[in-house]
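These notes are about the structure you will find just below.
Because only heavy atoms are used, hydrogens play no part in the values below, and waters and symmetry mates are left out as well, while side chains stay in.
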Amino acid sequence: MAQTQVESVPVAAQEYRPLSATVSRGRLASILIGVMLGMLLASLDQTIVGTALPHIVADLGGLEHYAWVVTAYLLSSTVTVPIYGKLSDIYGRRVFFIGGMIIFLIGSALAGTSQNMTQLIIYRGIQGLGAGGMMPIALAIIGDIFPPSERGKWQGLFVAVFGFSSIVGPTLGGWITDNWGWRWVFYVNMPVGVIAILTAGFVLPKLVNRRKHIIDYLGSVFLIAGTVPLLLAFSWAGTQYDWGSWQIVGLFIFSAVMLITFYLIELRAPEPIISPRLFKNSIFLVSVIATFLVSAGMFGAILYIPLFVQGVLGNSATNSGVVLTPLMIGFIISSIVGGQLLSRTGRYKILAILGFIVAAVGMFLLSRMTVSTSEGEVVRDMVITGLGIGVMMSLFTIVVQNAFPYRQLGEVTAGITFFRSIGSTMGVAVMGAIMTNTFQSELQSNMPAILKRLVPADKLAQLQNPQLLLAPDVVAKIQHSFAALGPQGLVIFRQLIDAIRLSLSTAITSVFFLGFIIMLLGLFSVFFLREIPLRKSHEAPVAEAPTSGTNRSRALLGLTLALVAREAQKPDANPQILETLSNTVNGRYPHEWSDEQRGKAVAQDIIEPLAITLLSSSIGNGAAHGASEGTASEASDTVAASGFIG
């Protein structure tokens with residue numbers, strides 16, 4: 001068995017207090033600055049490098065490997081997150097936080113010396129190995145410093161760093177590339193990283209208090225073997241290979257086999273990397289689902305809003321950071337305000353519900369945009385979406401940290417971060433496939449018939465690329481070629497550009513509507529989120545939730561569905577309700593049925609029984625609930641707590 005025992009000298013039991021209560025304000029401020037610099041280093045790098053990639057490819061060549069520069073970083077950072085989290089629970093945060101930054105800087109220095117794309121891809125992978133420990137351990141350090149009741153105002157501030165990086169990064173990356181050269185987008189990490197390492201090295205406590213542990217090497221191997229092909233499949237599907245190709249299907253099958261094996265290993269491992277027993281706690285399960293959905297929807301918006309603004313509306317913004325500024329301003333404001341509200345009230349369920357509602361409204365408004373939408377409307381929609389998403393980015397991290405003993409802080413923090421990364425990858429892949437397929441379908445119907453007759457098929461295929469709208473020089477060349485056909489050629493050219501814009505608008509708004517559906521699913525999931533009091537100290541036992549809150553949510557949802565079913569079955573039911581219900585099923589009822597017939601059938605066969613089940617469970621749980629949900633014994637937490645940051 002590939003497992004190793006780690007022992008340490010026993011330390012007498014002592015009461016543990018958060019660092020915020022044991023260190024001076026000056027040292028506390030220094031710790032926070034060091035952690036924030038580490039987070040800024042990781043988040044800023046991704047946005048800066050993205051801007052410089054076209055220049056890098058132009059210099060090094062290897063356009064076919066373009067995506068791998070991002071994929072290598074994504075793979076190595078994602079698969080190492082849970083491993084770093086578990087090891088930091090054993091050895092302490094300090095060594096892995098500083099070690100992650102050192103590895104990241106080594107990768108940055110090497111990337112700046114790259115002579116070809118292969119070297120750059122390898123060095124970006126090394127960067128990712130370091131980045132995998134920086135973000136989750138930074139959040140875990142905040143958990144070490146502050147008890148759950150105080151973490152919100154600090155983690156909200158730290159998550160705002162991501163929004164700040166998204167605004168500043170692209171502009172800074174463009175300026176550095178234009179004035180210093182693309183290699184400096186990697187070298188610029190060095191001074192910031194050195195300051196962060198020195199600060200963390202001097203101010204983070206060195207105390208270590210370890211118990212006897214067993215390191216799960218075998219689980220780590222199978223986690224990597226299952227996650228890497230999964231991420232590759234979602235990164236390549238629809239771009240390099242078709243979704244149904246043997247390469248993608250093979251990756252999915254191999255990933256499934258490895259992850260099932262990983263699950264079986266973790267069930268038997270004394271100290272698993274990601275314990276399957278975590279999911280027995282409903283708070284962790286619901287938080288993982290909600291975080292996964294938020295991440296999938298958020299990165300879809302970040303990816304396609306700039307394409308809509310620049311491609312459909314013709315905005316001349318030079319980078320996506322400028323375009324996304326309203327979204328990120330809303331994100332920053334709500335993450336900070338939401339964190340303050342959480343710390344003051346301790347009520348996280350209502351914040352999650354409100355966050356999903358606002359995000360769903362924002363996504364719905366984005367999905368209603370057209371080629372004639374004004375810039376003011378786009379800004380409004382982005383701000384609303386950012387306000388909804390921002391409040392939830394740090395919320396669920398605090399929720400899961402509060403639901404488990406302190407000794408599992410690193411494990412659960414890394415777990416929620418891991419599933420956030422998986423959600424973003426899967427969301428981008430699925431939304432990209434929908435956007436591409438919808439665009440091609442719409443363009444075929446919107447394409448001027450005369451264009452299909454005049455232009456050869458091979459050249460026509462080259463024109464069916466929405467990226468044309470982002471390249472004014474290419475558009476000018478195409479216009480010049482059409483001008484050779486005379487006045488009629490210019491008319492056809494304008495019809496072509498209008499067809500591309502209209503098709504792109506429909507395709508992107510379809511993606512935003514999917515984001516709206518994702519946010520509704522997230523809203524549905526958090527109705528089942530148990531709310532327990534936020535602990536005011538690390539050694540305090542995990543609290544039990546009052547059952548009435550969950551039961552009220554189930555009863556409310558059951559009553560809502562019952563009213564929908566009742567309205568749908570009335571003789572004069574609203575046609576829009578019936579049409580919506582009809583569209584939720586596919587193939588269950590005869591195709592010749594009308595929307596009214598299918599809608600009434602859905603209400604009777606699906607909605608009404610579900611409402612009865614929810615109402616019944618809310619009554620039954622109110623009488624029978626009482627046992628704790630998968631929370632381990634905390635007798636040894638006080639002994640082990642003081643070593644986690646050392």
Stepwise side-chain hydrogen bond (donor to acceptor under 3.5 Å, both in side chains) test for Ser282 and Arg530: CA-CA 7 Å; Ser282 65; Arg530 287 193 305 128; 3.1 Å; yes
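- Between Ile350 and Leu354, the closest side-chain pair of non-hydrogen atoms falls below 4.5 Å.
- Annotation: side chain of Leu504 is not in contact with side chain of Leu443 (no heavy-atom distance under 4.5 Å).
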Stepwise side-chain contact (heavy atoms from CB on, under 4.5 Å) test for Met519 and Leu523: CA-CA 6 Å; Met519 293 305 163; Leu523 175 62; over 6 Å; no
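- The closest donor-acceptor contact from the side chain of Thr413 to the backbone of Gly410 lies at 3.5 Å or more, if one exists at all.
- Residues Phe527 and Ile353 meet the side-chain proximity criterion, which asks for heavy atoms closer than 4.5 Å.
- Atom CZ of Phe404 is separated from atom CG of Asn402 by 10.5 Å, given to the nearest 0.5 angstrom.
- Counting only distance, with no hydrogens or angles, the side chain of Ser335 and the backbone of Gly390 share no donor-acceptor pair below 3.5 Å.
- Among pairs with a residue in residues 430-445, none fulfils salt bridge (Lys or Arg N to Asp or Glu O under 4.0 Å), at least two apart in sequence or across chains.
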Sequence neighbours excluded and cut-off under 3.5 Å, please list the side-chain donor-acceptor pairs for residues 284-293, or say none.
from	atom 1	to	atom 2	distance (Å)
Ser287	OG	Ile283	O	2.7
Thr291	OG1	Ser287	O	2.8

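- Between Phe252 and Trp243, the two ring planes are parallel [angle under 30°; tilted spans 30° to 60°].
- With a 4.5 Å cut-off on side-chain heavy atoms, Phe512 and Met369 count as touching.
- Aromatic ring pairs are classed by plane angle as parallel below 30°, tilted from 30° to 60° and perpendicular above 60°; the pair Phe524 and Phe528 is perpendicular.
- Contact of the Ile274 side chain with the Phe418 side chain is registered, since non-hydrogen atoms from C-beta on lie closer than 4.5 Å.
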